[in-house]
Structures are given as structure tokens and as C-alpha cells.
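Here the structure is laid out as C-alpha cells; the discussion comes afterwards.
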Amino acid sequence: MFPLIHFYLNKQLRPPTPFLALGGLFPDLGNICGLERQRSHYMGRDFFSWCESRAPHALDLARGVFYHGSTPGGADYYADEFWPGGEKGWCFQKGRPFMAQVARATCLPTDFIWWKSHNFVEMALELITIERQPLLNRELLALVEDEPAQTEAARLLSLYAGLDEAQTRGAFGRIKEIFTIEEVSPTALAQSQARAFERRFNVRNASVPLMAALLEEIAQVIAPEYDGLLSVIGKNMQAHAGN
């Protein structure tokens, strides 16, 4: 899922700290740091054990990584990997009915449409979140822009995962560029997607207006399920946290 949802869910379990916020973003920064997605989303439990013995001052960093992840107890497990009643996670299941609209708006290759449809559901959740908590993005940015915390987080994650420390520190320094946090709106999210499509797929004809309108439509459709979804995910995260 996207940054605001992760931050909101993490706040339900722990008082927010710079380490918790940075850890909550790290799995989606893994590829920029030289770590493939599978490892960055499955390393949380082991990284927590590593921090317990080597860096107990940074346990919130490990908590953030774990809470984000794709193992039971991590938010992405329920969003992406498993949700009762269908294939894969909640966001994939909710994205299926919108696949034709996503294909028309994004002009992406067919093989990527279901994956991108689930991203549109994730972005719609961000829109609902910012509507209900208009200052949440500022709170998140204030935490993740803590430079000493960025430096120490990069040092520890690089030691643990064998990453280039400067590259990892650089990724943390580019958070506002990489994620859509400063302005969380349908247009801002759609523009970010269009830039990513051109960079990753050489797709230049995605429609920002169509994508923005679709995000608003999806948000309206899923809004009645928002509270129940986050309640279930939060309870599962709490049950598996054990720390």
C-alpha cells in the first residue's frame, strides 16, 4: 500500500517516531537501495531480531519494516497477498472490476493491468485517508525528514542487508520526490503515475484526467469498507507483532 495508510496503521500500534516512519517506507524503497522487492517485504521479522541484538535503539525502524511487509502481520500481506474470499489480497480483489478503465486510462501493457488496478485501489485509500485526516501527510513528512534518523537508518539497513550506505541514505533523502506525500490529490497521484509509466514502460500517452477521475470513482466505491478494512488489518498486525 501507499505511505499514508502504512503510517496511519503503524500509529495505531506504536507512538510515531522518525524510525517507525522511515521503516514503514523502506520496503517500497528497497529497489532504489539495491534490494529486490521480495526481500525488502519479507525481511521484517529477521531484521527485528538483528536489531534486538545489535541496535536496540532502532527497534522502531525494524517495527516499521515488519508492519509494512508481506508476511502475516504486515499490512501488505492483507492488501496484496491474501484476503478471504478471492485471489490475492484485498486491493487486488477490489481492483478487478476496474481493470478495463485502468487499461484505458493508463495505456499500459495488458500483463500489468491487474497489478496497476490494485495500485489504483491503494491510491484511492490514500485519498480517503487524507480527506479524513488532512494533516497526516505533514506529520509523516516531519518525521521522515529527520536527517539524523535518515543517516542512522541507512547505516543499519545497509549493515543488515549488505546495501551501499550512500545509496540507501540518498533514497531516504528523496522521499518527497519518490512518494506522493506533499500533495495527496487525484491529480497529483495521477501525474506521479504518468511520470512513472514514461520512465518504466516508455508509455507517454497515459491520460492524467482519466486516471484522476478513476481514482475519485474508486474512492467513492470503496469508502464504505474503509473503516472495516483498516480495523481488520490493524487487529491482525497487533496479533502478529509480538514486540
Test Leu61 against Leu20 for side chain to side chain contact (heavy atoms under 4.5 Å, CB included), laying out the working first.
CA-CA 5 Å; Leu61 179 66; Leu20 187 69; over 6 Å; no

Taking it one step at a time, do Leu157 and Met43 satisfy side chain to side chain contact (heavy atoms under 4.5 Å, CB included)?
CA-CA 11 Å; Leu157 286 161; Met43 65 183 244; 3.7 Å; yes

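- Using a 4.0 Å cut-off between a side-chain N of Lys or Arg and a carboxylate O of Asp or Glu, Arg204 and Glu198 qualify as a salt bridge.
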Arg37 vs Asp80, test: salt bridge (Lys or Arg N to Asp or Glu O under 4.0 Å). Steps then yes/no.
CA-CA 13 Å; Arg37 184 190 184 280; Asp80 296 347; 3.3 Å; yes

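- The two atoms that bring His240 and Arg45 nearest to each other are O-NH2, 2.6 Å, heavy atoms only.
- The nearest pair of heavy atoms linking Pro27 to Gly23 is CD-O, 3.2 Å.
- Gln12 and Gln238 are not linked by any side-chain donor-acceptor pair at a separation below 3.5 angstrom, with hydrogens and angles left out of the test.
- In this structure the side chain of Asp46 reaches within 4.5 angstrom of the side chain of Tyr160, judged on heavy atoms.
- Within 6.0 Å of atom CD in Gln167, more than 12 heavy atoms from other residues, nucleotides or ligands are found, so the atom counts as buried in its surroundings.
- Between the side chain of Thr106 and the main chain of Val102, a donor-acceptor pair closer than 3.5 Å is present.
- Between the side chains of Asn236 and Tyr77, no donor-acceptor pair is found at a separation under 3.5 Å.
- Panel note: side chain Glu52, backbone Leu59; no donor-acceptor pair is recorded below 3.5 Å.
- Ring planes of Phe47 and Trp50: parallel class, angle under 30° (limits at 30 and 60°).
- Taking all atoms of both residues into account, the shortest heavy-atom contact from Pro16 to Leu143 is CB-CD1, 3.8 Å.
- A salt bridge is absent between Glu182 and Arg138: the closest approach of a Lys/Arg side-chain nitrogen to an acidic carboxylate oxygen does not fall below 4.0 angstrom.
- Taking the six-membered ring for Trp, Phe48 and Phe66 have ring centres at least 6.0 Å apart.
- In this structure a side-chain-to-backbone donor-acceptor pair under 3.5 Å is present from Thr168 to Asp164.
- Within the 4.5 Å cutoff, the side chain of Leu127 has no heavy atoms near those of the Arg132 side chain.
- Here the shortest heavy-atom pairing between Ala153 and Phe19 reads N-CE2, 4.0 Å.
- With rounding to the nearest 0.5 angstrom, the CE atom of Met211 is 9.0 Å from the CD atom of Gln191.
- What you find for Ile128 and Ala223 is that their closest heavy atoms are CD1-CA, 3.7 Å.
- Atom CG of Leu29 is separated from atom CZ of Phe172 by 6.0 Å, given to the nearest 0.5 angstrom.
- Between the side chain of Ser158 and the backbone N or O of Arg155, no donor-acceptor pair lies under 3.5 Å.
- In this model, a donor atom of one side chain and an acceptor atom of the other lie less than 3.5 Å apart for His6 and Asp76.
- Between Phe26 and Cys33 the shortest side-chain heavy-atom distance falls below 4.5 Å.
- By the 4.0 Å N-to-carboxylate-O rule, Asp111 lies too far from Lys116 to be salt-bridged with it.
- Between the side chain of Glu81 and the backbone N or O of Thr71 there is no donor-acceptor pair closer than 3.5 Å.
- Salt-bridge annotation for Arg14 and Asp60: present, with a side-chain N of the basic residue lying under 4.0 Å from a carboxylate O of the acidic one.
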Residue pair Trp114, Arg96: steps toward the side chain to side chain contact (heavy atoms under 4.5 Å, CB included) verdict
CA-CA 7 Å; Trp114 190 24; Arg96 268 201 185 278; 3.3 Å; yes

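- Counted by atom type alone, His68 and Asn10 present zero donor-acceptor pairs between their side chains at under 3.5 Å.
- The side-chain heavy atoms of Leu22 and Thr17, taken from C-beta on, include no pair separated by under 4.5 Å.
- Pro109 has its side chain within reach of Phe112: a pair of non-hydrogen atoms, C-beta onward, lies under 4.5 Å apart.
- No donor-acceptor pair closer than 3.5 Å links the side chain of Gln38 to the backbone N or O of His41.
- When every heavy atom of Gly234 is checked against every heavy atom of Leu13, the shortest pair comes out as O-CD2, 4.2 Å.
- The hydrophobic clustering, which links ILVMFWY residues whose side-chain heavy atoms are closer than 4.5 Å, places Leu210 and Val203 apart.
- With rounding to the nearest 0.5 Å, the separation of CG in Leu230 from CG in Leu9 is 4.5 Å.
- Residues Ile233 and Met1 have side chains in contact (heavy-atom distance under 4.5 Å, counting atoms from C-beta outward).
- In this structure, Cys91 SG and Asn119 CG are separated by 9.0 Å, a value rounded to the nearest 0.5 Å.
- For Tyr78 and Trp90, the gap between ring centers reaches or exceeds 6.0 Å.
- Side-chain contact between Glu126 and Pro3 is present, with heavy atoms from C-beta onward closer than 4.5 Å.
- Taking CD of Gln193 as the reference point, atom CZ of Arg200 lies at 10.5 Å (rounded to 0.5 Å).
- Residues Glu152 and His57 have side chains that bring a donor and an acceptor to within less than 3.5 angstrom of each other.
- A donor-acceptor contact shorter than 3.5 Å links the side chain of Asn137 to the backbone of Ile181.
- Between the CD1 atom in Ile178 and the CG atom in Leu25 there is a gap of 9.5 Å [rounded to 0.5 Å].
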Could you walk me through whether Phe92 and Trp83 pass the side chain to side chain contact (heavy atoms under 4.5 Å, CB included) check?
CA-CA 9 Å; Phe92 276 95; Trp83 191 262; over 6 Å; no

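- Annotation: side chain of Glu217 is in contact with side chain of Gln101 (closest heavy-atom distance under 4.5 Å).
- Tyr42 and Ile32 fall into different hydrophobic clusters, where Ile, Leu, Val, Met, Phe, Trp and Tyr side chains are chained together by heavy-atom contacts under 4.5 Å.
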